[in-house]
A.B. asks: 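The following block contains the structure, expressed as structure tokens.
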Amino acid sequence: REDNITAGGILMDNHLILAAGILGTTGASLNRMLSNGAGAVVTKSIGPSPKEGHKGPCVYVMDGAVLNAMGLPNPSSDFIEELNVLKDKPVIASIFGADPDEFHEVASWFKGKVRGFELNVSCPHAQGYGAQIGCNPGLVLECTRAVSRTGLPVWVKLTPNVTDIKESGIAAERGGASAVVAINTLKAMRISTDLRRPVLGNLTGGLSGPAIFPVALRCVFELYKALNIPVIGCGGVSSADNVIEMMMAGASAVEIGSAVLDRNDIFEKIAGDLYSEEGEKASDIIGCAHE
Ligand code: RRO
């Protein structure tokens with residue numbers, strides 16, 4: 001069993017990380033995921049002021065995919081007290097803002113409470129707070145640089161909704177990022193033929209789950225080749241075999257989101273399969289598909 005690994009400057013209990021947005025809204029739920037085998041956890045994205053989120057329906061579940069437009073609901077600085085029950089645990093704060101100053105302000109609330117940050121510059125339906133930043137390499141660089149001033153490791157979560165994800169990754173690296181995370185959700189929609197209207201209140205949203213795994217894998221593969229900082233894989237991972245595939249493409253660690261909604265013991269299940277006694281060390285296969 002491999003424990004205590006470091007990826008992107010952050011010490012974690014294993015290679016499997018709870019992705020942002022899933023069960024990350026309370027200290028108790030984050031703690032439960034750590035007890036259930038997650039090597040680290042990422043919080044729900046926290047921004048500069050409290051936000052209620054988009055009007056519903058906010059989630060639409062399909063076979064092998066989930067469509068969401070939650071709308072960045074979060075309690076802003078009131079969230080910090082949730083971290084009191086997670087002292088010295090491997091917690092990463094997902095944060096967002098409209099510009100570099102807002103990113104730095106939100107990050108400053110978390111100093112001394114978390115091991116590092118994940119910058120959310122990639123929500124596909126965030127109106128000024130998300131992919132508008134992630135699609136602009138100059139802004140990605142400035143926001144990364146602003147949060148790097150905290151001295152803590154900064155991961156940048158990238159959007160797949162661009163022509164060339166390498167450009168955003170290179171901008172994050174230049175801004176001082178310790179790692180990039182690929183990918184956030186893929187911009188998508190469904191229409192109810194009965195109701196003759198889109199299934200989501202926000203009309204469009206972000207697709208996650210097994211359906212986007214091949215897109216995420218391709219992004220990790222391209223980023224690993226283009227960057228000198230670690231790549232964290234995220235997008236539709238639901239088995240140990242998916243984790244190994246992500247690592248072969250170049251992922252140093254892997255985030256798991258939608259699969260947690262299907263079974264909350266997913267971390268124990270995947271860790272059990274991944275760290276079998278006989279098996280190769282997981283870290284020895286990173287990037288082997290490039291050789
Ligand atoms: O809250 C959301 O609607 C949301 C966010 Br912040 C994100 O980054 N990605 C996503 O699919 N949904």
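Every number for a ligand or one of its atoms is a count from 1 in the order of the listing.
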A.B. asks: Can you sort out the partners of R174 under salt bridge (Lys or Arg N to Asp or Glu O under 4.0 Å), two or more places apart, ordered by chain and number?
C.D. replies: none

A.B. asks: Could you list who else is in M70's hydrophobic cluster, with ILVMFWY side chains joined at under 4.5 Å, directly or through other members?
C.D. replies: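 Besides M70, the hydrophobic cluster comprises V59, V61, V66, listed by chain and residue number.
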
A.B. asks: Look at the side chain of N36 and the backbone N and O of F267, then say whether any donor-acceptor pair between them is shorter than 3.5 Å.
C.D. replies: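 Here the side-chain-to-backbone pair does not exist.
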
A.B. asks: Less than 3.5 Å apart, N/O on ligand 1 and N/O on the protein: could you list those pairs with the distances?
C.D. replies:
residue, atom, partner, partner atom, Å
ligand 1, 1 (O), K44, NZ, 2.8
ligand 1, 1 (O), L72, N, 2.9
ligand 1, 3 (O), N68, OD1, 3.3
ligand 1, 3 (O), M70, N, 2.9
ligand 1, 3 (O), G71, N, 2.8
ligand 1, 3 (O), H125, NE2, 2.7
ligand 1, 8 (O), N120, ND2, 2.8
ligand 1, 8 (O), N184, ND2, 2.9
ligand 1, 9 (N), N184, OD1, 2.9
ligand 1, 11 (O), N68, ND2, 2.8
ligand 1, 11 (O), T185, OG1, 2.7
ligand 1, 12 (N), N68, OD1, 2.9
ligand 1, 12 (N), H125, NE2, 3.4

A.B. asks: Would you say N120's side chain and F96's backbone share a donor-acceptor pair under 3.5 angstrom?
C.D. replies: no

A.B. asks: Checking D262 side chain against A259 main chain: does a donor-acceptor pair fall under 3.5 Å?
C.D. replies: no

A.B. asks: Enumerate the salt bridge (charged side-chain N to carboxylate O under 4.0 Å, His left out) contacts for residues 98-111, please, sequence neighbours excluded, ordered by first and then second residue.
C.D. replies: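 Found none.
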
